[in-house]
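Please read the structure below before turning to the comments.
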Amino acid sequence: MPNITLPDGKKIKFDKEVNGIEIAEKISKSLYKQALIISVNGELKDLTYLIKKDSSVKIITSKDKEGLDAIRHDTTHIMAMAVQELFPGTKIAIGPAIKDGFYYDFSRKNPFTPEDLEKIERKMKEIVEKNEPTKREVWERKVAKDHYKKIGEDYKVELVDSIPDDQEVSIYYHGKWYDLCRGPHLTSTGKIGKYFKLTKVSGAYWRGDSNNEMLQRIYGTSWPSKKELDDYLKRIEEAEKRDHRKLGKEMDLFHFREESPGSVFWHEKGWALFQKLVSYMRAKQEEAGYREINTPEILDRTLWEKSGHWEKFGENMYTSTTPDEKVFAIKPMNCPGCVQVYNQGLKSYRDLPLRMSEFGKVHRYEPSGALHGLLRVRAFTQDDAHIFCTDDQITEECLSVTNLILEIYKDLGFENVILKYSDRPDVRVGEDSVWDKSESALLKAIKASKLEYSVNKGEGAFYGPKIEFVLTDAIGRDWQCGTLQVDLNLPDRLGATYVNKSGEKKVPVMLHRALFGSLERFIGILIEHYSGKLPFWISPLQIMVIPVSDEFDDYAKLVNDKIRKSGISSNVDLKNHNLNYKIREHSLAKVPILLICGKKEVDTNSVTIRKLDTNKQENMELKTFLKNFSSLNKAPSL
RNA sequence: GCCCUUGUAGCUCAGCUGGUAGAGCAAUUGAUUUGUAAUCAAUAGGUCCGCGGUUCGAAUCCGUGCGGGGGCACCA
């Protein structure tokens, strides 16, 4: 007779086998109503699952992540049911719950249209209203396979085959419709409620493999209450509002065009932002002991063959044949060029660590479907650096790179940073002893940074382990930006050496690191993080001077000149528009500070400050203004 | 690269079932001289993404190419 232990430690004794419904009922009426599924000794089960022996149990409701998943999993089954009722002959593949929703993959000749989605949604509502019971059956493996073969559900046949031998083949019935599924599911089709919505159709490869057939995937979202659904839709809307492609246009920062897909045409303001980031970075790297170099964009094929890129990365490289038939490649990475700079002249152990930075523009032929605004481009500038050092210097150098990255992210408003550590992959070069050394050196640096980190087993580069720096933006999205890799391979391939204390030639260790990663991508992230409202010091146009009427144009021009001379970027708006119009225009353009100049200001040699997103006004003598804002015109850490 | 979708003025978009284009904003000009998020009026502005086809006639239908968007795959 099972003894049931609840999460709070309380025990209930039943005198017969018991299921989740009965347990919930015993605990409270409200829990009975809210119960969706049950966790039995850590395993998720249907509420109807019979518990025969003593168990620890938790009733799962929509407040639990597992409960939400269960709702979505049920919703996707109901969607598949609706689809097969409306479009007979459609084959079903898989349909899991995902973050914020669910999808189901279908195979069908004709594509689903937006109108179809509406139809499907209506059908789903009917199914929910019928509230038919959901039942689980266990089938013989062979019976299941033969059955699915017979009715032509090829994907289900494959899925049956892929269920491990020690697991049951379970089938869930929602009314008459049924699906091969591990479960668990809610007790009836009505349980999911009515707060779901189908959101989009897209293609998706069967089993995520591009060699396989492309299926039609319908995405949807499902929530326990109207409020949660509305909040979710609102969140999507908010994210769209800060889309850097939209803001980039509105703020006149950059554009893209057909002649060069995936390459940025930077406008005056966008380029100013870009340059501000570069000079900021220069200052930080100067501080951290880097020397900046620059290497050619186009390099002979033979170098890329030697470095391994030609073989390993050839598909992504742009090449160019000269009139005399020589083949060059446009660099997709800066490292080989940097090693060649290192190779000039003999290097001694006394020169190490040697930190060479380069704002190198690289070109990569990315698949057309991967392009996405500034976030995924074909030509971008890396804030790259290569540190040549000895084995013994690895940890310290890694640690200082990590600190530099954190400082820089913090300056730009990203406080939340996590690390992803990837260790040796199966396919790799180098002795295990060297891997031991570089891995432990990297790990030591990570631990010293005291940051949260996750381990991606076997995901390192073929030449060494790596750390990726992931930051979280204002609306909780993660972006992988910086990277730090230990490389014991490339210096060797390209013949880099240094002379050690005993006069022997040794191959140095090379650390690859990028802080922002790509300037272009980072700017995209910055724009979205701040919704375009960049901090004063990094803002491409920091100040707009606005005369109240053209009577005060001369004074406004004077103010503008003085500000520009002080190193703050400023402009003056002399157009024949009224004050309200100009305030609106420049506020929409996200200029952080507007300076209003009228009679009062002329008389007192002052300016009136209006900060973006406030309508408070502050009057200040021009002299004081220049003093105050000059000190704000640099990164917090500088 | 693959699936779906989309491409009209500088921008945002309208243009039903085929009869060679329209609005708002922006621009220009004029009036207005403005004190904290859109002053009024006039003018100008278009290879309807490119190429081919169907048709008496194509922005509209078909094919194809290129670009954009949403996904999938990719992200060394």
Side-chain angles (χ1 to χ4, degrees), chain A residues 98 103 105-108 110-114 116-117 199-219 236 240 243 245-246 249-250 252 255-262 307-317 332-333 335 362 364-373 375-378 380 425 427 459-463 466 468 480 483 485 512 517-518 521 546-553 575-589 591 594-601 608-619:
Chain A
I98 52 171
Y103 67 78
D105 285 347
F106 302 96
S107 170
R108 171 176 178 250
N110 299 324
F112 292 110
T113 63
D116 290 341
L117 289 196
T199 49
K200 56 198 170 199
V201 220
S202 80
Y205 297 109
W206 167 236
R207 302 218 136 146
D209 184 337
S210 56
N211 296 313
N212 290 341
E213 188 204 348
M214 180 152 278
L215 305 170
Q216 293 188 60
R217 175 172 296 179
I218 301 180
Y219 283 94
I236 304 279
E240 274 167 19
D243 189 314
R245 292 165 299 186
K246 184 170 162 278
K249 199 181 270 179
E250 284 171 15
D252 193 18
H255 81 275
F256 289 91
R257 52 173 49 239
E258 282 192 28
E259 292 98 324
S260 190
S307 70
H309 287 85
W310 194 266
E311 192 208 343
K312 194 68 183 125
F313 201 63
E315 276 188 5
N316 292 290
M317 283 161 71
M333 295 186 205
C335 23
V362 297
R364 299 179 186 179
Y365 189 77
E366 301 286 356
S368 58
L371 302 180
H372 184 93
L375 302 180
R376 191 82 182 270
V377 287
R378 285 182 175 155
F380 58 97
V427 185
E459 305 243 318
F462 69 94
Y463 47 75
K466 64 176 176 186
E468 269 144 6
Q480 190 175 304
T483 172
Q485 302 165 9
H512 303 238
S518 139
R521 181 175 145 86
I546 304 175
V548 170
S549 79
D550 58 13
E551 213 180 304
F552 312 106
D553 280 4
K575 281 189 209 128
N576 182 13
H577 279 130
N578 66 26
L579 184 57
N580 280 339
Y581 183 93
K582 290 179 183 184
I583 285 171
R584 180 179 152 82
E585 191 184 1
H586 301 299
S587 297
L588 289 174
V591 179
L594 304 183
L595 292 184
I596 315 297
C597 298
K599 180 155 189 333
K600 191 171 85 193
E601 288 74 17
T608 295
I609 304 167
R610 185 192 211 277
K611 288 186 184 163
L612 186 55
D613 278 343
T614 68
N615 45 17
K616 274 191 219 138
Q617 300 156 43
E618 189 186 354
N619 187 263

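Below, read A as the first sequence line, B as the second, and so on, with proteins coming before strands; counting in each chain starts at 1. Model, not experiment: these values are computed from the prediction.
A59(B) sits 34 Å from A41(B) when the P atoms are compared, rounded to a whole Å. Across A73(B) and C51(B), the matching P atoms stand 37 Å from one another, rounded to whole Å. Going from the C1' atom of A58(B) to that of G19(B) covers 10 Å, rounded to whole Å. Taking atom P in both G18(B) and A23(B), one finds a spacing of 24 Å when rounded to whole Å. Nucleotides G10(B) and A27(B), compared at atom P, are 14 Å apart to the nearest Å. Nucleotides G46(B) and C13(B) have their C1' atoms positioned 15 Å apart, rounded to a whole Å. Atom C1' of G52(B) sits at a distance of 15 Å from the matching atom of C66(B), rounded to the whole Å. Comparing U6(B) with C62(B), their P atoms sit 11 Å apart, to the nearest whole Å.
Here G57(B) sits opposite no nucleotide as a Watson-Crick or G-U wobble pair (both hydrogen-bonding atom distances under 3.5 Å). Here A73(B) sits opposite no nucleotide as a Watson-Crick or G-U wobble pair (both hydrogen-bonding atom distances under 3.5 Å). Under the Watson-Crick or G-U wobble criterion, with both distances below 3.5 Å, A23(B) is paired with U12(B). Across all strands shown, U64(B) forms a Watson-Crick or G-U wobble pair with G50(B), both key distances being under 3.5 Å. Summarising the base pairing, U39(B) is matched to A31(B) through a Watson-Crick or G-U wobble pair whose two defining distances lie under 3.5 Å.
The distance from atom CE of Met333(A) to atom CG of Asn316(A), rounded to the nearest 0.5 Å, is 8.5 Å. In this structure, Lys249(A) NZ and Asp243(A) CG are separated by 10.5 Å, a value rounded to the nearest 0.5 Å. Atoms NZ and OG, from Lys312(A) and Ser307(A) in turn, are 12.0 Å apart once rounded to the nearest 0.5 Å. For the atom pair Glu366(A) CD and Arg378(A) CZ, the distance stands at 8.0 Å (nearest 0.5 Å). In this structure, the separation between CG on Leu215(A) and CZ on Phe106(A) is 10.5 Å, given to the nearest 0.5 Å. In this structure, NZ on Lys575(A) lies 5.0 Å from CD on Glu585(A), to the nearest 0.5 angstrom.
At the heavy-atom level, His309(A) lies nowhere under 4.0 Å from the strands shown. Tyr103(A) comes within contact range of no nucleotide atom at all, as no heavy-atom separation falls under 4.0 Å. Residue Lys249(A) is in sugar-phosphate contact alone, with no base atom involved, counting any heavy-atom pair closer than 4.0 Å across all strands shown. Counting non-hydrogen atoms under 4.0 angstrom, Ser549(A) reaches a base of the nucleic acid.
Map Met214(A) and Asp243(A) each onto its nearest nucleotide of RNA chain B; the residue landing nearer the 5' end is Met214(A). Both Asn316(A) and Arg217(A) sit near RNA chain B, but only Arg217(A) has its closest nucleotide nearer the 5' end.
Distance, Leu117(A) CG to C4(B) C1': 11 Å, rounded to whole Å. Nucleotide G10(B) holds its P atom 15 Å from the CG atom of Asp252(A), rounded to whole Å. The CE-P distance, from Met333(A) to C75(B), rounds to 12 Å in whole Å. As rounded to whole Å, 12 Å separates atom P of C75(B) from atom CD of Glu468(A). Atom CG in Asp209(A) sits roughly 16 Å away from atom P in C3(B) (whole-Å rounding). Between Glu366(A) atom CD and C2(B) atom C1' the separation is 17 Å, expressed in whole Å. In this structure, Tyr219(A) places its OH atom 12 Å from C1' of C3(B), rounding to the nearest Å. Between the C1' atom of C25(B) and the NZ atom of Lys575(A) lies a distance of 13 Å, rounded to the nearest Å.
A donor-acceptor contact under 3.5 Å is formed by the side chain of Arg376(A) with the base of C74(B).
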Protein proximity profile, nucleotides 60-67 of chain B - base contact B, sugar-phosphate-only contact S, no contact -, cut-off 4.0 Å on heavy atoms
------SS
Base contacts versus sugar-phosphate-only contacts with protein, heavy atoms under 4.0 Å: please encode nucleotides 36-42 of chain B as B, S and - from 5' to 3'.
BBBB---
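Residue Arg245(A) places at least one side-chain N or O under 4.0 Å from the OP1 or OP2 atom of G70(B). Within the structure, a side-chain polar atom (N or O) of Lys200(A) is placed less than 4.0 Å from OP1 or OP2 of G71(B). Contact annotation: His372(A) side-chain N/O to G70(B) OP1/OP2 distance is under 4.0 Å. Look at Tyr205(A) and you won't find any side-chain N or O under 4.0 angstrom from OP1 or OP2 of G71(B). Put simply, Lys246(A) has no side-chain N or O that comes within less than 4.0 Å of OP1 or OP2 on C11(B).
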Applying salt bridge (Lys or Arg N to Asp or Glu O under 4.0 Å), run through Lys616(A) and Glu618(A) and close with a yes or a no.
CA-CA 7 Å; Lys616(A) 274 191 219 138; Glu618(A) 189 186 354; over 6 Å; no
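Applying the side chain to side chain donor-acceptor pair (under 3.5 Å) criterion to Arg610(A), with sequence neighbours excluded, gives no partner residue. In this structure, the side chain to side chain donor-acceptor pair (under 3.5 Å) partners of Glu259(A), at least two apart in sequence or on a different chain, are Arg257(A). Applying the side chain to side chain contact (heavy atoms under 4.5 Å, CB included) test to Gln617(A) and every residue at least two apart in sequence or in another chain returns Thr608(A). Applying the side chain to side chain donor-acceptor pair (under 3.5 Å) rule to Asn576(A) yields no partners; only residues at least two apart in sequence or on another chain are considered.
One side chain, Asp209(A) or Asn211(A), offers a donor N or O that lies under 3.5 Å from an acceptor on the other.
In this structure, the nucleotide among C72(B), G35(B), G1(B) sitting nearest to the side chain of Pro367(A) is G1(B).
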